[in-house]
Amino acid sequence: MIQITLPDGSKRTYEQEIMTPYEVAGDISRGLQKKTLAAKVNDQLVDLDYPIQEDASLSLITFDDEDGKEIFRHSSSHIMAQAVKNLFPGTKIAIGPAVKDGFYYDFDSEHVFTPEDLEKIEKEMNRIVKEDYGFTREELSRQEAIDLFKSLGEDYKVELIEDLPEDCTISVYRDGDFVDLCAGPHLPSTGHVKAFKLLSIAGAYWRGSSDNKMLQRIYGTSFTKKAELDAYLEMLEEAKKRDHRKLGQELELFTIMEEGPGFPFFLPKGTKLKNLLLEYWREIHEREDYIEIETPIILNKKLWETSGHWDHYRENMYTLKIDEDDFAIKPMNCPGAMMVYKNELHSYRDFPIRMAEIGRVHRHELSGALHGLMRVRAFTQDDAHIFMLPEQIKDEIKAVVLKIDEIYQQFGFTYKIEVSTRPEESMGADEDWEIAESSLKMALEELGKDFAINEGDGAFYGPKIDFQLEDCLGRTWQCGTIQLDFQLPQRFELTYAGSDNEKHRPIVIHTVAFGSIERFIGIITEHFAGAFPVWLAPVQVKILSLSDKHHQYSRDLYQRFRQAGIRVELDNRNEKIGYKIREAQLQKTPYMLIIGDKEIESESVGLRKRGEGDLGAVLAKDFEAMIRKEIAERSM
RNA sequence: GCCCAUAUAGCUCAGGCGGUAGAGUGCCACCUUGGUAAGGUGGAGGUCGGCGGUUCAAGUCCGCUUAUGGGCUCCA
């Protein structure tokens, strides 16, 4: 007799000696049995035919669960690998996990896969799905597993097995004539994978290391229903329309030319946007008691040796010679800020000193890493360095976290926080790193902020808190960051006079809120799909006249709004009103003012609002008051 | 930097087997003076990313190169 406890706490008892999750599902309902993909027995993920031999808790996994999706996609990747091996004999398979929204498999093949191959592979996958092969699990000893994959010529699998921990159960899954090393669980059979699509081919290093061979990775996604797949593909298409590179061109924000790879040109409207962001930023930072400085773009190599950049960051720096001396274009603003600090003597009474800089930095990013405004080789950091006493660390960090939070909330962003710890290539004493890492974590904990730990991903001079924002496709980008630094104060021999009249070493944190203004513009462009809130819109109002008779009044209005500080454009072209509206609409202009006889007569404007359409006539003075209020409040 | 793909008018794209380029849109001119997402006619615009090669002849085939896209690696 077996007693099964379900997630809702209800219990079911069975006479049999052995029950499988599949049988239990069927006992609950036929529908559930059909939907169930795998199960969790006593919190362990298992196949549906897993033999339950004693009382246990059981939860049934469907595609609606994250685990279910992962199992489904993982099985999909097996089917893809099977299809590839059938079509391209001799192909070696590496790894094929489920990822967010899909799966991939890495292959080592003489044959170079083309987009046309994807269709062939899909066809073969369809055949495998139709055959409805069962996935069967088999547990092997280490030696058996190695022998098996050696005999199949699967060198990568052999390498994986050899690296598995001693006490690990080694299992393989078979479906049809295909066998793969796999912990499982899997779908009961290939027939479940009703809807899938192969999306792209990419290179990927074996084990993610650029020292290893580059394999061919095929990405795909799969769903239980065709309609879900179609909806997903549709969503991808929609996301592409929000891509900041596309919108940046359509809205004339910026452009990147062959003459400047990674060095964006900001067009008039993009420059306006950038300046508006900085205006907002300065307002916040002045309120928070920051002072602002500006340090040189080019500084002597000696400074970079002092800062450690010459040793730790050289490959990312652009260097040049001036007369006989070596110089470097700054990749970071911190050394400049250190020099400003050293320009005068400081007392503990001065602290904290919050020193900000809108600094343009240049970094040699790998050509393949460039991506619109998101990853460039020249960008503007909204940098700040805070000099303080050890006992001020936590409060300062908390204040900075709250400041960044305030700024992100202004844009309606949700974000993720990561704490990155000491990387391999780094400088400084272990105990400094420990103190630094724990102060960051404690500050976040005291604020009740959730965060993930990113082991070994810190900067070479200290650990950091990173704020991650998402783009239109859900890819995350680091924007804000708070980095503790015990190194630079030492290297630059920063001091202050303490209450004991002795010299002491200050603590420094580096922090940015936008991170890179360029990247931030990319993020907000995608976030708002180009429809910026009024306070940020490069053009807030467009005046559209109906005909010649209305030009003079339109011009008067234009002048009036301009003088009121409203960003307004006038369209007195010889075109029909529908045409002018369409164009302003495509430019995502927040407000259009239609001007005809009616409006002139009543000193009003024919108001048309983005997203809402025609709102009828409004007195010009009322509209002006309304939009001025909206701008002043930075309404979303 | 690595793998794959792509590169034709300001923009979006056509150009089976090689025979010195086409559409829509935008731009300019004229007609039209029109009330909430594209009025009509005409015109100007192209070293087909760059360099080299094959050929009587290259946008088209080959090699190299630059940039872009998707990834890997790396990072704001």
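Residue numbers start from 1 in every chain, and the chains themselves are labelled A, B, ... in the order their sequence lines are given, proteins ahead of strands.
In this model, the phosphate group of B/rG70 is approached by a side-chain N or O of A/Arg475 to a distance below 4.0 Å at OP1 or OP2. Side-chain N/O atoms of A/Lys464 include one lying less than 4.0 angstrom from OP1 or OP2 on B/rA76. For the pair A/His371 and B/rG70, the criterion of a side-chain N or O lying under 4.0 Å from OP1 or OP2 is met. Contact between the side-chain N/O atoms of A/Gln585 and the OP1/OP2 oxygens of B/rA37 is not found at any separation under 4.0 Å. The shortest distance between the side-chain N/O atoms of A/Arg375 and the OP1/OP2 oxygens of B/rA76 is not below 4.0 Å.
Here A/Ser516 lies in heavy-atom contact (under 4.0 Å) with a base. Across all strands, A/Lys598 comes closer than 4.0 Å to base atoms (heavy-atom distances). Within 4.0 Å of A/Gly359, counting heavy atoms only, lies no atom of the nucleic acid at all. Across all strands, A/Gly596 comes closer than 4.0 Å to base atoms (heavy-atom distances). At the heavy-atom level, A/Arg608 lies under 4.0 Å from base atoms of the strands shown. Among the atoms of the strands shown, none is found under 4.0 Å from any heavy atom of A/Gln587. At the heavy-atom level, A/Tyr219 lies under 4.0 Å from the strands shown only through sugar-phosphate atoms.
Every side-chain contact (heavy atoms from CB on, under 4.5 Å) that A/Ala459 has, sequence neighbours left out, goes to A/Tyr461, A/Gln483. Every residue meeting the side-chain contact (heavy atoms from CB on, under 4.5 Å) condition with A/Leu303, not counting sequence neighbours, appears here in chain and number order: A/Leu299, A/Pro335, A/Met339, A/Phe492.
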Practice item. Assign a letter to each nucleotide of nucleotides 2-9 of chain B from its 5' end: B, base within under 4.0 Å of a protein heavy atom; S, sugar-phosphate only; -, no contact. Key: BBS-----
Practice item. Could you give me the CA-CA distance, side-chain angles and deciding distance for A/Phe413 and A/Phe520, then say whether ring pair (Phe, Tyr, Trp, His ring centres under 6.0 Å) is met? Key: CA-CA 11 Å; A/Phe413 289 146; A/Phe520 200 79; 5.7 Å; yes
Might you list the N or O atoms of the protein lying below 3.5 Å from N or O atoms in nucleotides 23-30 of chain B, with each pair's distance?
residue : atom : partner  : partner atom : Å
B/rG26  : OP1  : A/Tyr579 : OH           : 2.9

Between the protein and nucleotides 10-13 of chain B, which nitrogen or oxygen pairs are less than 3.5 angstrom apart?
residue : atom : partner  : partner atom : Å
B/rC11  : O3'  : A/Gln249 : OE1          : 3.4

Could you list all N or O pairs between the protein and nucleotides 63-65 of chain B that sit under 3.5 Å apart?
none

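A donor-acceptor pair shorter than 3.5 Å can be found between the side chains of A/Ser547 and A/His550.
Annotation: B/rG46 and B/rA23 have their C1' atoms spaced 14 Å apart (nearest Å). A distance of about 8 Å separates the P atoms of B/rU8 and B/rU12, rounded to the whole Å. B/rG45 and B/rG52 have their P atoms separated by 27 Å, with the value rounded to a whole Å. The gap from the C1' atom of B/rA44 to that of B/rC30 amounts to 15 Å, rounded to the nearest Å. Annotation: B/rA21 and B/rA67 have their C1' atoms spaced 24 Å apart (nearest Å). Only the P atoms considered, B/rC13 is 15 Å distant from B/rG49, to the nearest whole Å. Rounded to a whole angstrom, the distance from the P atom of B/rG43 to that of B/rA58 is 31 Å.
Around the CD atom of A/Glu110, the shell of radius 6.0 Å holds no more than 12 heavy atoms that belong to other residues, nucleotides or ligands.
Note that OH of A/Tyr205 and CG of A/Asn212 are 10.0 Å apart. Values are rounded to the nearest 0.5 Å.
With a glycosidic angle further than 90° from 0, B/rG53 counts as anti.
Side-chain proximity of A/Asp457 to the nucleotides B/rA67, B/rU33, B/rC75 is greatest for B/rC75.
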